[in-house]
Amino acid sequence: MGRSPCCEKAHTNKGAWTKEEDDRLIAYIRAHGEGCWRSLPKAAGLLRCGKSCRLRWINYLRPDLKRGNFTEEEDELIIKLHSLLGNKWSLIAGRLPGRTDNEIKNYWNTHIRRKLLNRGIDPATHRPIHAPLSDFTITFAERAKKDVGILQREEEKSNSSSSEESSSWQQYKQPDLNLELSISLP
DNA sequence: AACAGAGGCAACCGCAAGACT
DNA sequence: CAGTCTTGCGGTTGCCTCTGT
């Protein structure tokens, strides 16, 4: 017998979460905090696999999620980060407080791709469509870094004026927007 | 009003990395 | 060091809602 499956396939619910399941998960994490996803379902009385619980919490139930529409500034930041990082959604999400990798990935695939195509830019390469191959990649990446620097300063300005604390859960206090882009790609 | 197709999004799956024993 | 386990990631799926006819 090999490794046990990450999810107990039998007796687990799948698909959309019910209000009751959400409530159980929220209550459990409120009481015990995050961690040990594998044992959480049993401990919380949920007929779900740990992965499913983690996903539900991270992408939907966490109290520090921003939700709602993306701003134009977020759009541009995502585009620039994607030009630097590629499909590293978790890294990109790390620089957008209150947004999740799944949300950004979905938003990219549904909105931003189209937006770039409309601009005549290939969303995969961030190069103009039909442009001859050249050293454009490098120059664009350099430009993107510069632009992100500008965005960062603008974000810092706007952040410093708004200090509203919406969540009472101190552990989920949103981190300051980290736009330091001295990224070393693998 | 009814239907079909498109779009949007939550959730699943498989895999890889890192932690643990 | 090797094998096992858990977590996290990215790609993908499929259901639900919206929009056009």
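Chain A is the first sequence line, chain B the second, and so forth, proteins listed ahead of strands; every chain is numbered from 1.
Remark: Arg48(A) qualifies as a cation-pi partner of Trp17(A) under the 6.0 Å distance and 45° angle criteria applied to the six-membered ring.
The distance from the CD1 atom of Ile104(A) to the CG atom of Asn109(A) is 12.0 Å, given to the nearest 0.5 Å. Considering CG of Asp101(A) and CD1 of Ile58(A), their distance stands at 8.5 Å, rounded to 0.5 Å. With values rounded to the nearest 0.5 angstrom, Asp23(A) atom CG is found 8.0 Å from Thr18(A) atom OG1.
Nearest nucleotide to the side chain of Ala16(A), out of dG8(B), dC9(C), dA11(B): dA11(B). Comparing dA11(B), dC9(B), dG8(C) by their closest approach to the side chain of Trp37(A) singles out dG8(C).
A close approach under 4.0 Å does occur between a side-chain nitrogen or oxygen of Trp89(A) and OP1 or OP2 of dG11(C). For dG7(B), neither phosphate oxygen OP1 nor OP2 lies less than 4.0 angstrom from any side-chain nitrogen or oxygen of Arg113(A). Taking 4.0 angstrom as the limit, Arg38(A) places none of its side-chain polar atoms (N or O) nearer than this to OP1 or OP2 of dC5(C). Regarding contacts with the backbone of dG7(B), every side-chain N or O of Thr110(A) stays at 4.0 angstrom or more from both OP1 and OP2. Between Arg114(A) and dA6(B) there is no side-chain polar atom (N or O) within less than 4.0 angstrom of OP1 or OP2. A sub-4.0 Å separation between OP1 or OP2 of dA11(B) and a side-chain N or O of Arg48(A) is absent.
Between His82(A) and Trp108(A), the ring-plane angle classifies as parallel under the 30° and 60° cut-offs.
A donor-acceptor contact under 3.5 Å is formed by the side chain of Lys51(A) with the base of dG14(B). For dG11(C), the base has a donor-acceptor partner in the side chain of Lys105(A) [N/O atoms by modelled type, under 3.5 angstrom].
In this structure, the CD1 atom of Ile92(A) is 10 Å from the P atom of dG11(C), given to the nearest Å. Whole-Å rounding puts the Lys14(A) NZ to dC15(C) C1' distance at 14 Å. A straight line from CD of Glu103(A) to P of dG10(C) spans 15 Å, rounded to a whole angstrom. Spacing between atom CD1 of Ile104(A) and atom P of dG10(C) amounts to 11 Å, rounded to whole angstrom units. The nearest whole Å value for the distance from the CG atom in Asn87(A) to the P atom in dT12(C) is 10 Å. Between the C1' atom of dA11(B) and the CG atom of Asn109(A) lies a distance of 15 Å, rounded to the nearest Å. As a whole-Å value, the separation of Trp108(A) CH2 from dC9(C) C1' is 18 Å. Rounded to an integer number of Å, the gap from NZ of Lys88(A) to C1' of dG10(C) is 8 Å.
Contact annotation for Asn102(A): base contact, defined as any heavy-atom pair under 4.0 Å involving a base atom. Residue Asn106(A) is classed as a base contact, given a heavy-atom separation below 4.0 Å to a base.
Within residues 17-25 of chain A, the residues approached by DNA chain B to less than 4.0 Å at the level of any non-hydrogen atom are Trp17(A), in residue-number order.
Around the NZ atom of Lys42(A), the shell of radius 6.0 Å holds no more than 12 heavy atoms that belong to other residues, nucleotides or ligands.
A heavy-atom distance below 4.5 Å is not found between the side chains of His111(A) and Phe70(A).
Here the shortest heavy-atom pairing between Glu74(A) and Asn69(A) reads OE1-O, 4.1 Å.
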